[in-house]
Amino acid sequence: MNWPKTTEIGKFLAKERFYSHDAVSGALKQALVEDVEKITISHRLARDTLNVDAGTEFPEILVLNIKLRQSKVNEKLLDALDKSIRSGYVLFVLEYNEKECASISHKTVNAKECCTIDKRWTTDWINKVDVELRGTTLDAIYAGLIEQVSQGRVASGASGLADAVNRDIERAKLEKQIAELNQKLRNTDQLNKKFEIKDKIRTLEQKVKELS
(Lines give C-alpha, C1' and ligand atoms only; values in the text may rest on other atoms or scores of the structure.)
Protein backbone atom coordinates (compact mmCIF):
# COMPACT_ATOMS: atom_id res chain seq x y z
CA MET A 1 0.00 0.00 0.00
CA ASN A 2 1.33 3.39 -0.99
CA TRP A 3 0.77 5.11 2.36
CA PRO A 4 2.94 7.73 4.11
CA LYS A 5 6.13 6.36 5.69
CA THR A 6 5.06 7.88 9.01
CA THR A 7 2.29 5.25 9.26
CA GLU A 8 4.61 2.24 8.92
CA ILE A 9 5.17 0.11 12.04
CA GLY A 10 6.36 -3.38 11.07
CA LYS A 11 6.06 -4.71 14.64
CA PHE A 12 5.69 -8.43 15.33
CA LEU A 13 2.68 -9.24 17.55
CA ALA A 14 2.87 -12.44 19.60
CA LYS A 15 -0.21 -14.67 19.35
CA GLU A 16 -0.03 -15.25 23.10
CA ARG A 17 -1.13 -11.61 23.54
CA PHE A 18 -4.70 -12.68 22.67
CA TYR A 19 -4.96 -15.83 24.78
CA SER A 20 -6.28 -14.18 27.95
CA HIS A 21 -8.99 -12.13 26.26
CA ASP A 22 -12.59 -13.20 26.87
CA ALA A 23 -13.52 -12.89 23.18
CA VAL A 24 -11.04 -15.61 22.22
CA SER A 25 -12.65 -18.93 23.17
CA GLY A 26 -10.86 -22.26 23.43
CA ALA A 27 -11.78 -23.21 19.86
CA LEU A 28 -10.58 -19.85 18.54
CA LYS A 29 -7.32 -20.16 20.48
CA GLN A 30 -6.81 -23.49 18.74
CA ALA A 31 -7.52 -21.85 15.39
CA LEU A 32 -5.07 -19.09 16.25
CA VAL A 33 -2.39 -21.71 16.88
CA GLU A 34 -3.17 -23.94 13.90
CA ASP A 35 -4.24 -21.45 11.20
CA VAL A 36 -2.08 -18.40 11.90
CA GLU A 37 1.64 -18.42 11.23
CA LYS A 38 2.52 -14.80 12.08
CA ILE A 39 0.86 -11.49 13.00
CA THR A 40 2.47 -8.12 12.30
CA ILE A 41 1.25 -4.57 12.91
CA SER A 42 2.17 -3.12 9.53
CA HIS A 43 0.64 0.38 9.81
CA ARG A 44 -0.90 2.72 12.36
CA LEU A 45 -3.18 5.55 11.27
CA ALA A 46 -3.64 8.24 13.90
CA ARG A 47 -3.32 11.95 14.69
CA ASP A 48 0.44 11.69 15.20
CA THR A 49 1.13 9.59 12.07
CA LEU A 50 -1.20 11.29 9.58
CA ASN A 51 -2.00 14.67 11.17
CA VAL A 52 -5.75 13.96 11.17
CA ASP A 53 -8.43 14.27 13.84
CA ALA A 54 -8.90 11.22 16.10
CA GLY A 55 -11.95 9.05 15.49
CA THR A 56 -15.16 9.46 17.47
CA GLU A 57 -15.13 5.80 18.61
CA PHE A 58 -11.40 4.99 18.57
CA PRO A 59 -8.27 7.16 18.31
CA GLU A 60 -6.48 5.06 15.68
CA ILE A 61 -6.70 2.46 12.91
CA LEU A 62 -4.30 -0.47 13.08
CA VAL A 63 -3.42 -2.59 10.05
CA LEU A 64 -2.69 -6.18 11.05
CA ASN A 65 -0.90 -8.34 8.52
CA ILE A 66 -1.68 -12.01 9.19
CA LYS A 67 0.17 -14.81 7.45
CA LEU A 68 -2.10 -17.87 7.27
CA ARG A 69 -1.31 -21.57 6.96
CA GLN A 70 -4.48 -22.20 4.90
CA SER A 71 -6.67 -20.28 2.46
CA LYS A 72 -9.89 -20.43 4.49
CA VAL A 73 -10.57 -17.15 6.30
CA ASN A 74 -11.97 -17.68 9.80
CA GLU A 75 -14.07 -14.54 10.28
CA LYS A 76 -15.04 -15.56 13.82
CA LEU A 77 -11.35 -15.53 14.72
CA LEU A 78 -10.92 -12.12 13.08
CA ASP A 79 -13.91 -10.81 15.05
CA ALA A 80 -12.38 -12.08 18.30
CA LEU A 81 -9.00 -10.52 17.54
CA ASP A 82 -10.74 -7.30 16.52
CA LYS A 83 -12.72 -7.11 19.77
CA SER A 84 -9.59 -7.76 21.82
CA ILE A 85 -7.92 -4.66 20.34
CA ARG A 86 -9.77 -1.92 22.20
CA SER A 87 -7.41 0.87 21.17
CA GLY A 88 -8.55 1.20 17.57
CA TYR A 89 -10.32 0.11 14.43
CA VAL A 90 -8.59 -2.79 12.65
CA LEU A 91 -7.95 -3.50 8.99
CA PHE A 92 -6.72 -7.07 8.43
CA VAL A 93 -4.53 -7.91 5.46
CA LEU A 94 -4.30 -11.69 5.18
CA GLU A 95 -1.60 -13.56 3.28
CA TYR A 96 -1.55 -17.09 1.95
CA ASN A 97 0.44 -18.69 -0.85
CA GLU A 98 1.49 -15.33 -2.37
CA LYS A 99 -2.11 -14.07 -2.42
CA GLU A 100 -3.75 -11.46 -0.21
CA CYS A 101 -7.22 -10.46 0.94
CA ALA A 102 -8.53 -7.67 3.15
CA SER A 103 -11.08 -7.81 5.96
CA ILE A 104 -12.61 -5.00 8.00
CA SER A 105 -15.52 -4.63 10.39
CA HIS A 106 -17.81 -1.87 11.55
CA LYS A 107 -16.78 -1.79 15.20
CA THR A 108 -18.34 0.23 18.02
CA VAL A 109 -18.00 0.57 21.77
CA ASN A 110 -21.03 -0.72 23.70
CA ALA A 111 -22.40 0.42 27.04
CA LYS A 112 -20.01 -1.80 28.98
CA GLU A 113 -17.02 -0.21 27.20
CA CYS A 114 -16.45 -3.41 25.27
CA CYS A 115 -16.20 -3.62 21.49
CA THR A 116 -19.06 -4.89 19.34
CA ILE A 117 -18.56 -6.17 15.79
CA ASP A 118 -21.65 -5.06 13.88
CA LYS A 119 -20.70 -6.41 10.45
CA ARG A 120 -17.58 -7.72 8.68
CA TRP A 121 -16.59 -7.59 5.02
CA THR A 122 -13.83 -9.69 3.45
CA THR A 123 -12.54 -9.54 -0.10
CA ASP A 124 -11.65 -12.47 -2.33
CA TRP A 125 -8.03 -13.55 -2.62
CA ILE A 126 -6.10 -11.27 -5.00
CA ASN A 127 -2.46 -10.69 -5.94
CA LYS A 128 -2.07 -7.58 -3.79
CA VAL A 129 -4.31 -5.60 -1.44
CA ASP A 130 -4.16 -1.92 -2.35
CA VAL A 131 -6.60 0.41 -0.60
CA GLU A 132 -6.47 4.20 -0.53
CA LEU A 133 -6.63 6.60 2.40
CA ARG A 134 -9.68 8.74 1.64
CA GLY A 135 -10.63 11.71 3.78
CA THR A 136 -9.07 14.23 6.13
CA THR A 137 -10.35 12.75 9.41
CA LEU A 138 -9.88 9.30 10.90
CA ASP A 139 -13.64 8.65 10.74
CA ALA A 140 -13.67 9.49 7.02
CA ILE A 141 -10.63 7.29 6.39
CA TYR A 142 -12.30 4.41 8.26
CA ALA A 143 -15.50 4.86 6.23
CA GLY A 144 -13.42 4.90 3.05
CA LEU A 145 -11.70 1.65 3.98
CA ILE A 146 -15.07 -0.02 4.64
CA GLU A 147 -16.43 1.25 1.32
CA GLN A 148 -13.45 -0.21 -0.54
CA VAL A 149 -13.27 -3.57 1.25
CA SER A 150 -17.06 -4.02 1.02
CA GLN A 151 -16.66 -3.42 -2.72
CA GLY A 152 -19.38 -0.81 -2.87
CA ARG A 153 -21.93 -2.51 -0.62
CA VAL A 154 -21.45 0.30 1.88
CA ALA A 155 -21.43 3.90 0.64
CA SER A 156 -21.83 6.27 3.58
CA GLY A 157 -22.60 9.44 1.60
CA ALA A 158 -25.01 11.92 3.18
CA SER A 159 -26.77 9.28 5.33
CA GLY A 160 -23.63 8.50 7.32
CA LEU A 161 -21.63 5.31 7.87
CA ALA A 162 -23.81 3.77 10.60
CA ASP A 163 -26.94 4.03 8.45
CA ALA A 164 -25.14 2.59 5.41
CA VAL A 165 -23.88 -0.34 7.50
CA ASN A 166 -27.36 -1.04 8.90
CA ARG A 167 -28.78 -1.01 5.38
CA ASP A 168 -26.17 -3.55 4.27
CA ILE A 169 -26.89 -5.76 7.30
CA GLU A 170 -30.59 -5.75 6.39
CA ARG A 171 -29.79 -6.35 2.72
CA ALA A 172 -27.63 -9.36 3.62
CA LYS A 173 -30.50 -10.86 5.65
CA LEU A 174 -32.86 -10.45 2.70
CA GLU A 175 -30.32 -11.97 0.30
CA LYS A 176 -29.99 -14.99 2.58
CA GLN A 177 -33.79 -15.41 2.59
CA ILE A 178 -33.84 -15.17 -1.21
CA ALA A 179 -31.16 -17.85 -1.50
CA GLU A 180 -33.13 -20.15 0.82
CA LEU A 181 -36.34 -19.56 -1.17
CA ASN A 182 -34.55 -20.28 -4.45
CA GLN A 183 -33.34 -23.56 -3.00
CA LYS A 184 -36.88 -24.34 -1.86
CA LEU A 185 -38.16 -23.45 -5.34
CA ARG A 186 -35.79 -25.95 -6.95
CA ASN A 187 -37.03 -28.69 -4.60
CA THR A 188 -40.76 -27.95 -5.10
CA ASP A 189 -42.86 -29.82 -7.66
CA GLN A 190 -46.31 -28.35 -6.97
CA LEU A 191 -47.11 -25.55 -9.44
CA ASN A 192 -49.14 -23.46 -6.99
CA LYS A 193 -46.32 -23.64 -4.44
CA LYS A 194 -43.83 -22.52 -7.09
CA PHE A 195 -45.93 -19.42 -7.85
CA GLU A 196 -46.21 -18.66 -4.15
CA ILE A 197 -42.45 -18.91 -3.64
CA LYS A 198 -41.73 -16.80 -6.73
CA ASP A 199 -44.01 -14.06 -5.40
CA LYS A 200 -42.12 -14.05 -2.11
CA ILE A 201 -38.79 -13.87 -3.96
CA ARG A 202 -39.96 -10.91 -6.07
CA THR A 203 -41.13 -9.07 -2.93
CA LEU A 204 -37.77 -9.60 -1.21
CA GLU A 205 -35.82 -8.63 -4.34
CA GLN A 206 -37.72 -5.35 -4.45
CA LYS A 207 -36.77 -4.68 -0.84
CA VAL A 208 -33.12 -5.37 -1.70
CA LYS A 209 -33.30 -2.82 -4.51
CA GLU A 210 -34.75 -0.23 -2.13
CA LEU A 211 -31.84 -0.76 0.25
CA SER A 212 -29.18 -0.54 -2.47
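All values below come from the heavy atoms of this structure, side chains included, with hydrogens, waters and symmetry mates left out.
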Item to complete: Can you measure from CD (Glu100) to CG (Asp124) and round to the nearest 0.5 angstrom?
Response: 14.0 Å
Practice prompt. Before accepting this row, confirm whether a basic side-chain N of the pair Arg171/Asp168 lies closer than 4.0 Å to the acidic partner's carboxylate O.
Written response: yes
Item to complete: Kindly state each residue pair satisfying ring pair (Phe, Tyr, Trp, His ring centres under 6.0 Å) with at least one member in residues 25-55, sequence neighbours excluded.
Response: Trp3-His43
Worksheet item: Between Ile201 and Ile197, is any pair of side-chain heavy atoms under 4.5 Å apart?
Response: yes
Worksheet entry | Full working for salt bridge (charged side-chain N to carboxylate O under 4.0 Å, His left out) between Lys194 and Asp189 | CA-CA 7 Å; Lys194 283 182 177 289; Asp189 295 325; 5.7 Å; no
Practice prompt. For the residue pair Thr6 and Asp48, establish whether any side-chain heavy-atom pair is separated by less than 4.5 Å.
Written response: no
Practice prompt. Kindly say whether Ala102 contributes a backbone atom to a donor-acceptor pair with the side chain of Thr123 at under 3.5 angstrom?
Written response: yes
Worksheet item: For Ser87 and Glu60, does a side-chain donor sit closer than 3.5 Å to a side-chain acceptor?
Response: yes
Worksheet item: Distance under 6.0 Å and angle within 45° of the ring axis: does Lys38 meet both against Phe12?
Response: no
Worksheet item: Mind checking whether Gln30 and Glu34 have side chains closer than 4.5 Å, heavy atoms only?
Response: yes
Discussion item. With side chain to side chain contact (heavy atoms under 4.5 Å, CB included) as the criterion, how do Thr116 and Val109 come out once you've worked through the C-alpha distance, each side chain's angles and the decisive distance to 0.1 Å?
Written reply: CA-CA 6 Å; Thr116 299; Val109 177; over 6 Å; no
Discussion item. Show the nearest heavy-atom pair for residues Cys101 and Thr122, with the distance to one decimal.
Written reply: SG-CG2, 4.2 Å
Discussion item. Name the residue from Asp139, Thr137, Leu138 that meets the side chain to side chain contact (heavy atoms under 4.5 Å, CB included) definition with Asp53.
Written reply: Thr137
Worksheet entry | 4.5 Å side-chain heavy-atom contact, Lys176 and Lys173 | no
Worksheet item: Should Arg120 and Asp79 count as an ion pair when the cut-off is N to O under 4.0 Å?
Response: yes
Discussion item. Less than 4.5 Å apart, side chain to side chain, heavy atoms only: is that true for Leu77 and Val36?
Written reply: yes
Discussion item. Keeping Glu98 on the side-chain end and Asn127 on the backbone end, is there a donor-acceptor pair under 3.5 Å?
Written reply: no
Fill in: Closest non-hydrogen atom pair, Phe92 against Ile66
CD2-CD1, 3.6 Å
Fill in: Distance-minimising heavy-atom pair for Met1 and Val93
CE-CG2, 4.1 Å
Worksheet item: Which value, rounded to the nearest 0.5 Å, describes the distance between Leu174 atom CG and Glu210 atom CD?
Response: 10.0 Å
Worksheet item: Do Val33 and Leu94 belong to the same hydrophobic cluster, where Ile, Leu, Val, Met, Phe, Trp and Tyr are linked whenever their side-chain heavy atoms lie under 4.5 Å apart, directly or via other members?
Response: yes
Fill in: Electrostatic pair Glu170-Arg167, nearest N-O below 4.0 angstrom
no
Worksheet item: Can you hop from Leu81 to Leu68 via hydrophobic side chains spaced under 4.5 Å?
Response: yes
Worksheet item: Closest heavy-atom contact between Leu181 and Lys200?
Response: CD1-CB, 3.9 Å
Fill in: Flag, side chain of Glu57 to backbone of Lys107, donor-acceptor distance under 3.5 Å
no
Fill in: Which residues share a salt bridge (charged side-chain N to carboxylate O under 4.0 Å, His left out) with Lys119, sequence neighbours left out
none
Item to complete: Specify the closest pair of heavy atoms between Ser150 and Trp121, including all atoms of both residues, with the distance to one decimal.
Response: CB-CD1, 3.5 Å
Worksheet item: Is it true that atom NZ of Lys15 has more than 12 heavy atoms of other residues, nucleotides or ligands lying nearer than 6.0 Å?
Response: yes
Fill in: N/O donor-acceptor pair under 3.5 Å between Asp82 side chain and Leu78 backbone
no
Item to complete: Taking the side chain as every heavy atom from C-beta outward, state whether Leu50 and Leu133 have any pair of such atoms under 4.5 Å apart.
Response: yes
Worksheet item: Is any side-chain heavy atom of Arg69 less than 4.5 Å from a side-chain heavy atom of Asp35?
Response: no
Worksheet item: Taking it one step at a time, do Glu95 and Lys67 satisfy salt bridge (charged side-chain N to carboxylate O under 4.0 Å, His left out)?
Response: CA-CA 5 Å; Glu95 292 182 29; Lys67 192 171 184 179; 5.6 Å; no
Discussion item. For a 4.5 angstrom cut-off between non-hydrogen side-chain atoms, does Val52 reach Thr136?
Written reply: no
Worksheet item: If you look at every heavy atom in Thr7 and Pro4, which pair is closest and at what distance?
Response: OG1-O, 2.7 Å
Worksheet, complete the sentence: Tyr142 meets the ring pair (Phe, Tyr, Trp, His ring centres under 6.0 Å) criterion, sequence neighbours left out, with Tyr89
Discussion item. If only side-chain N and O atoms count, and only distance matters, is there a donor-acceptor pair under 3.5 Å linking Thr40 with Asn65?
Written reply: no
